[in-house]
Asks: 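To start, I am sharing the structure in question, which I have written as structure tokens.
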Amino acid sequence: GFFDIPVDNLYAEPAVLKWIKENIPEWRNSIIVSPDAGGAKRVTSIADRLNVEFALIHKERKKANEVSSMVLVGDVKDRVAILVDDMADTCGTICHAAEKLMDAGATKVYAILTHGIFSGPAISRINNACFEAVVVTNTIPQDGHMRDCPKIQINMEHFLSIG
């Protein structure tokens, strides 16, 4: 009911699992993190498939694109934190989440996103954030963003399935 054009629901979980296993050597000591409560089902499924724990970040917004507070639920100390989300636009939330995870003792932080929109201050925020990598699918062209931000990678493009 939200779209007046045909759309496909992209299911990126197999690509996420493959990328993690192939690109994060210490993935067995990782924790999968949702940057909001809405993604809890997504991260629990990925965590179960990898046999690792999961955490989530509860956030409250003052208004659109502005988070007023974040609370981490879960223990990330001495673990590689892997943020998984469906999309990132201005990247305020994922960058704030990455900082929260490092402050809580994570050893490294990765972000894996289905759709990297990256508008406004997004690229500057990612460049200044503590991410090892921000990995996206190929649903949105990223050539310019990758040129401006070496942390952005497209390594899941051949593994997307449409369901």
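Basis for what follows: all heavy atoms, side chains included, without hydrogens, waters or symmetry-related copies.
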Asks: To check you understand the geometry: which heavy-atom pair defines the closest contact between R125 and T90, and what is its length?
Replies: NH1-O, 3.0 Å
Asks: Quick one, I57 with V71, criterion side-chain contact (heavy atoms from CB on, under 4.5 Å). Give me CA distance, side-chain angles, the key distance, then yes/no.
Replies: CA-CA 5 Å; I57 294 175; V71 178; over 6 Å; no
Asks: What distance separates L101 CG from I31 CD1, expressed to the nearest 0.5 Å?
Replies: 8.5 Å
Asks: Kindly compute the distance separating OG (S45) from CZ (F54), expressed to the nearest 0.5 Å.
Replies: 11.0 Å
Asks: Between D89 and S119, do the side chains contain an N or O donor and an N or O acceptor separated by less than 3.5 Å?
Replies: yes
Asks: So do the side chains of F118 and V134 get within less than 4.5 Å of each other, counting heavy atoms only?
Replies: yes
Asks: How close do L83 and I94 get, heavy atom to heavy atom, and via which atoms?
Replies: CD1-O, 3.8 Å
Asks: Answer yes or no: is there an ion pair linking K151 with E132, defined by an N-O contact shorter than 4.0 Å?
Replies: no
Asks: Would you say L50 and K21 make side-chain contact, with heavy atoms under 4.5 Å?
Replies: yes
Asks: Distance check, rounded to the nearest 0.5 Å: C130 atom SG versus K108 atom NZ?
Replies: 12.5 Å
Asks: OG1/T93 to NZ/K100 distance, rounded to the nearest 0.5 angstrom?
Replies: 13.0 Å
Asks: Return yes if some donor-acceptor pair links the side-chain N/O of T44 with the main-chain N/O of K41 below 3.5 Å, else return no.
Replies: yes
Asks: Could you check R42 against E13 for salt bridge (charged side-chain N to carboxylate O under 4.0 Å, His left out), going step by step and ending with a plain yes or no?
Replies: CA-CA 8 Å; R42 181 184 313 111; E13 184 176 303; over 6 Å; no
Asks: Please lay out, stage by stage, how I154 and V135 fare under the test side-chain contact (heavy atoms from CB on, under 4.5 Å).
Replies: CA-CA 6 Å; I154 301 180; V135 182; over 6 Å; no
Asks: Without placing hydrogens or testing angles, list every side-chain donor-acceptor pair under 3.5 Å for residues 72-82, not counting sequence neighbours.
Replies:
residue: D75; atom: OD1; partner: K77; partner atom: N; Å: 3.1
residue: R79; atom: NH1; partner: E53; partner atom: OE1; Å: 3.3

Asks: Are any of the side-chain heavy atoms of I32 and I20 separated by less than 4.5 Å?
Replies: yes
Asks: Measuring from atom CD1 of I152 to atom CG of L113, what distance do you get when rounded to the nearest 0.5 angstrom?
Replies: 9.0 Å
Asks: Quick check: closest heavy atoms across M146 and Q153, and the distance to 0.1 Å?
Replies: CE-CA, 4.4 Å
Asks: Within the 4.5 Å heavy-atom criterion, are W19 and I112 side-chain neighbours or not?
Replies: yes
Asks: Does any donor atom in the side chain of E99 or H96 lie under 3.5 Å from an acceptor atom in the other side chain?
Replies: no
Asks: Apply side-chain contact (heavy atoms from CB on, under 4.5 Å) to M102 and V109, showing your working.
Replies: CA-CA 7 Å; M102 290 301 284; V109 179; 3.7 Å; yes
Asks: Kindly give the heavy-atom pair with the smallest separation between V52 and W27, and that separation in Å.
Replies: CG1-O, 3.8 Å
Asks: If you look at every heavy atom in C95 and I126, which pair is closest and at what distance?
Replies: SG-N, 4.0 Å
Asks: Quick one, V43 and V33 - any side-chain contact, counting heavy atoms below 4.5 Å?
Replies: no
Asks: What is the distance from atom CE of M87 to atom OG1 of T137, rounded to the nearest 0.5 Å?
Replies: 12.5 Å
Asks: Take atom CG of N128 as the centre, draw a 6.0 Å sphere, and report whether it contains more than 12 heavy atoms from other residues, nucleotides or ligands.
Replies: yes
Asks: Look at the side chain of D36 and the backbone N and O of G39, then say whether any donor-acceptor pair between them is shorter than 3.5 Å.
Replies: yes
Asks: If I compare all heavy atoms of I117 with all of H145, which pair ends up nearest, and what's the gap?
Replies: O-CE1, 3.7 Å
